[in-house]
J.: 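Following this message is one structure expressed as structure tokens.
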Amino acid sequence: MEYLRPADWPEALAAKAAHPDAVPLAGGTDVMVELNLDRRRPGHLLDLGRIAALRTWETTARTVRLGAAVPYRDVIARLSTELPGLALASRTVGSPQIRTRGSVGGNLGTASPAGDAHPALLAAGATVEAVSVRGTRHIPIDDFYLGPKRNALAPDELIRAVHIDAARGPQQFAKVGTRNAMVIAVCAFALALHPHTRTVRTGIGSAAPTPVRAPRAEAFLCGLLEEGGHWSSGAPLPPSAATRFGELAAAACAPIDDVRGSAAYREHAVAVLARRTLHRTWNAYRTSNDAAITGGEPPCA
Amino acid sequence: MRVNLTVNGRPRTADDVWEGESLLYVLRERLGLPGAKNACEQGECGSCTVRLDGDLVCACLVAAGQAEGADVTTVEGLAEADGTLAPVQRAFLDAGAVQCGFCTPGLLMVADDLLASHSNPTDGDIREALSGNLCRCTGYEKILDAVRLAAARADGTAPR
Amino acid sequence: MTAPVTGTPRLTQHAAPADGRIGASTPRPDGTLKVTGAFAYSSDLWHEDMLWGHTLRSPHAHARILGIDIAEALTVPGVTAVLTHADLTAATHYGLELSDQPVLAADRVRYQGEAVALVAADHPETARRAAARIRVAYEELPVVHDEASATAPGAPVLHPGRTDHYAAHVPHPNVLHRQPVLHGDARAAAPTADVVVTGDYETGTQDQAPLGPESGLAVPAEDGGVDLYVATQWLHVDRQQLAPILGLPPEKVRLTLAGVGGAFGAREDLSMQAHACLLAMRTGRPVKMVYSREESFFGHVHRHPARLHYEHGATRDGILVHVRARIVLDGGAYASSSPAVVGNAASLALGPYRVPNADIEALALYTNNPPCGAMRGFGAVQACFAYESQMDKLAAALGMDPVELRRRNAVAQGDVMPTGQPIDSPAPAAELLRLVKERPLPPERPWDTGPADAPDLRALPGGLSNTTHGEGVVRGVGYAIGIKNIGFSEGFDDYATARVGLALAGGEPVATVHTAAAEVGQGGVTVQAQIARTELGVPRVALLPPDTTVGSAGSTSASRQTYMTGGAVRAACAAVRDEVLRRGRARHGWPAGELRLADGLVVTGDGTAVGALADVLDEGPVERETEFRHRPTQPFDPHTGQGLGHVQYALCAHRAVVDVDTELGLVKVVELAAAQDVGRALNPLSVVGQIQGGSTQGLGLAVMEEIVVGPDGRQRNPSFTDYLIPTVLDTPAMPVDVLELADPHAPYGLRGVGEPSTLSSTPAIVAALRQATGRPLTRVPVRPEHLVGRA
């Protein structure tokens, strides 16, 4: 095993181009587990620790460009206004010690269906800034997850940052685990309301081979909000709406039975989480001032 | 490879480090500092918690090479140079928070860090801060007592 | 200490002295080392020129070994030795009770993870890479994984040709041991019961999960022997098994206890001990072995998973008429301590209740599942979950309060156990239930601490995962009580040895205590020193490291060490005191009659000083070694289960208060109150710590802890990622009531304290979950899908 320690970003890209098998190492919270448990012996480790820019972020009114190695701790402490869903998800990652080191870039690189950040990214809307010596690609988050622990990165690409739409409406994230802290998701659900476009987006974790959205649930909710004039009225949703939303979210799952939970339970739990997060976000929307100001915006696509 | 770092205020060098080694292995097996413990080596127990450039981390998940040039504090560095125990160390002893003691070094690092930033933590704050550290002996009650005791002593509401 | 302290013991009889004598919450003598990182655990050891040992294990649960090729492994640079079964030159098998487990597998592996070969190398990674190059040809065999497959016609017999003394009494060679207990006449009584409830229960495989991994350092000695520094529960039984394997006389196998990172039964059997010694003797160099967490799951025995069938009959007034019980324990591939676990399950199957008629059968199977043996609670845990579930079911059928039903049937001193053994010391079952029942209940909705839209997630089921803000949360309350035997039972010659010295150091008398008792965290060292201070009246006590240069202390298990090694230290102190007084009477004319040692002086009954220790120690130190035995026990009759099998009984009761997210099946245990009779609390703080720790392991079994084993015999979650033990956000406040009702047969009246709280914690929590959800919940750990009916 060779340990590569590039001094800057171009050097890192050159190293990755020269050694496509090199495993990027930032917080180490995934990679080191595999090394310690003798699961993986890559030819090269690519330590990104000297590239300070990866641990910084830039905020505009519309987006946050989150450096790939910004630890979850900073997302929780510094970005909960812009990225409320991701901040909630970040608080459920591992332990405080893990959150000090682990990052959204690492979650994306590993691309485990159980990664806690994914549902929040899917719901918020995001693009992954993938860079190689060949140039930069912006991969929509919806296209990023290809399979269990497989993502859309080319072998020579590294994640520089993820661009996440700054929240303009309420967002929620909830995760089921069989312990009250430090637990891998049995399933997770994220919901973001986007009043400015009168859209909603969802994200589901650990209930399919990849993180997924629930398009039919989103379409149902969009239609319901639009037809009922809810965006402008802020009126409460009919009780059946949350139930139906939950059912459609569950229908988007393709879960398996495993040691962490049964497939039937996962579908059930996703429905419950969808219902609850809808209640929370809609109540937050109603009680905010947003309802009054979105009347003129275009309807959902 | 060679790794240079500062541990508990002293510059240290480890040679012939295998590239896949963790900071934990370097501390324990190369630098003679076995205080940080090797209970799971997958970041699920907190027993290897050390301070790395000011941050609490699981030393098992830090590659040795990532510690190059870093400033590391381990449980061996908590007490004062003359051996006077840190307040959290004393509180753990006084409250009966130590049984087998294997989790103790990690918990001490976390508790020390918590009390440095929160002078009067609520029980919820303490539990959340300690939630990455497993203890198999105590059921945590005496550990909570210890942190409460150290906090109370720090703000003068408990005798030292 | 004015900080809020939960779990303050309610001490009923003794004011706590502050002088480090018994009854005081004396600090641990090893505490400062442990908080400074200087305490040397078995995985911390280092020796110049040492090698790292590594074990190659079977990937299959059952397979024939057709051949092992180590040639390629030997060529890896840095590798010093590779050993297989072919390299064993003496005994090839070992075991705590039956020598049925291969040191290294020869022609057959019987469980996934069985040791097949060993490597010694200059670095752990070198050893791992070399082990990966050992080629083992396996031919997989059909797997025996439960009672049906173990006893089916044509089932593979795991240990053919058994000659052990259980073999004559078992219905099938894959049944390791079967113990019936017949009491009264259940068949005749059953039809007279007004109400009968039956139930089938199941407990999963629990892991002790001590945080310290199996580890140690073997150092070859110039005399051809070996010195082993290791974390174990019983140095002498390790040596008893090691010496034949190494082909050495016992005195050349010297063991010293290294720091132990918890045990809970996981260190009763050998793990790396023989392997490290074999490598050290082969290479002539010190060899260190440290298991990874994953390897630890394969490297020690677990708590037996069990299936239990119960039938309880009672009168309309809730008086028990009869119980029938059948308990099937899966012992896995090798015997370990399964026979004794069977004895406990059978003899304690009814719980702390008066049952006039009982028909009990308990048995352990040989299967290709992970070997099972000792874990805190040892057979009594599984039974307690079933009988307490039954008591709740019976209470419901009778329309009676579950605590009242228990009270009406609770044992007390003078009652007779189903084995025919009378309970001849206090057994305050009803009082313990009253104590937990009468505690004020914790407040509802503990998460409502701030604004309505910002609940404290940490107080909710799901915790930080943000699953509920109170939606679907229902509270439940449940009760349970359990009974555990203390000490080794069934006629075992159980003893402990202590060597106590008294000498002058700098003019001051200092006591030394040397035992082989394994300090695994429980605080045995603290208590030993307290006893010496109490008996010898000296403040200064030095504890020597436990090793095999002193006689056996027996095992640190069965809640026995304070009783046994504590008893031995006390007896040795008495012998030292006798010699001190003999010298003083001879030299200084100290009076006959009762004299005590206090504060370095020799005093009469009324406190008058007649001399000082220094007056007689100036002629040389006094040292005495004493063996202490509890009163003898008897084996259980193999057909009726009758016999005075146990040394002492101990009781603990719990009340669990839970909040359940009834839609998601997530649980927050809000409070877990315990009440336990400890006879005499030698160190009250340690006593409470033991009760809280045991309660928490019971909590783990109730809601999260299970090694999931597939029908292929393979473990599916051997890691701390998926084998979950409670975090501080899963454990509740645990107030403890400690009763001190002396057992006249025991030293100081004490009652072993380590295990009882592990029994009743689990069923109390499950009872609370049943109350919250209305579901039957017959299996532990209860999983979220069981709480919402989506298994």
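Order of the sequence lines fixes the chain letters, A, B, ..., with proteins taken first and strands second; residue numbering starts at 1 for each chain. Given the structure is predicted, the values throughout are model-derived calculations rather than measurements. The analysis underlying the following values was restricted to heavy atoms, covering all of them including side chains, and did not include hydrogens, waters or symmetry mates.
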J.: With a 4.5 angstrom heavy-atom cut-off, could you sort out which part of E21(B) is near chain A: side chain, backbone, both or neither?
T.: backbone
J.: Given heavy-atom pairs under 4.5 angstrom as the criterion, report whether the side chain, backbone, both or neither of L37(A) touches chain B.
T.: side chain
J.: As an exercise: rank G49(A), G94(A), G27(A), A26(A) by heavy-atom pairs under 4.5 Å with chain B and give me the winner.
T.: A26(A)
J.: Hey, is D112(B) close enough to R51(B) for a salt bridge, meaning N to O under 4.0 Å?
T.: yes
J.: What heavy-atom pair brings F173(A) and A89(A) nearest, and what distance separates the two atoms?
T.: CD2-CA, 3.4 Å
J.: With a 4.0 Å cut-off on N to O distance, would you call K149(A) and D30(A) a salt bridge?
T.: no
J.: Tell me which of these, L35(A), T29(A), N36(A), V33(A), has more heavy-atom pairs under 4.5 Å with chain B than the rest.
T.: N36(A)
J.: Does E11(A) come within less than 4.0 Å of K16(A), counting only side-chain N to carboxylate O?
T.: no
J.: Please flag which part of T49(B) lies under 4.5 Å from any non-hydrogen atom of chain A: side chain, backbone, both or neither.
T.: side chain
J.: May I ask you to decide whether R50(A) forms a salt bridge with D8(A), counting only side-chain N to carboxylate O separations under 4.0 Å?
T.: no
J.: Top residue by heavy-atom pair count (under 4.5 Å) with chain B, among E2(A), E34(A), M182(A)?
T.: M182(A)
J.: Ignoring hydrogens and geometry, is there a side-chain-to-backbone donor-acceptor pair from D257(A) to A263(A) under 3.5 Å?
T.: yes
J.: Output yes when D15(B) and R2(B) qualify as a salt bridge under the 4.0 Å nitrogen-oxygen rule, no when they do not.
T.: yes
J.: Given the options G65(B), G46(B), S131(B), G69(B), which has more heavy-atom pairs under 4.5 Å with chain A than any of the others?
T.: G65(B)
J.: Any idea which of C60(B), A129(B), C58(B) has the most non-hydrogen atom pairs under 4.5 angstrom with chain A?
T.: C60(B)
J.: Between the side chain of N151(A) and the main-chain N/O of L108(A), is any donor-acceptor distance below 3.5 Å?
T.: yes
J.: Checking R39(A) against chain B: side chain, backbone, both or neither under 4.5 Å from a heavy atom?
T.: neither
J.: Go through the atoms of L52(B) and report whether side chain, backbone, both or neither lie under 4.5 Å from a heavy atom of chain A.
T.: side chain
J.: Between L130(B), N133(B), L24(B), which residue shows the highest count of heavy-atom pairs closer than 4.5 Å to chain A?
T.: N133(B)
J.: Among the options Q42(B), E19(B), Q66(B), pick out the one with the most heavy-atom pairs lying under 4.5 Å from chain A.
T.: Q66(B)
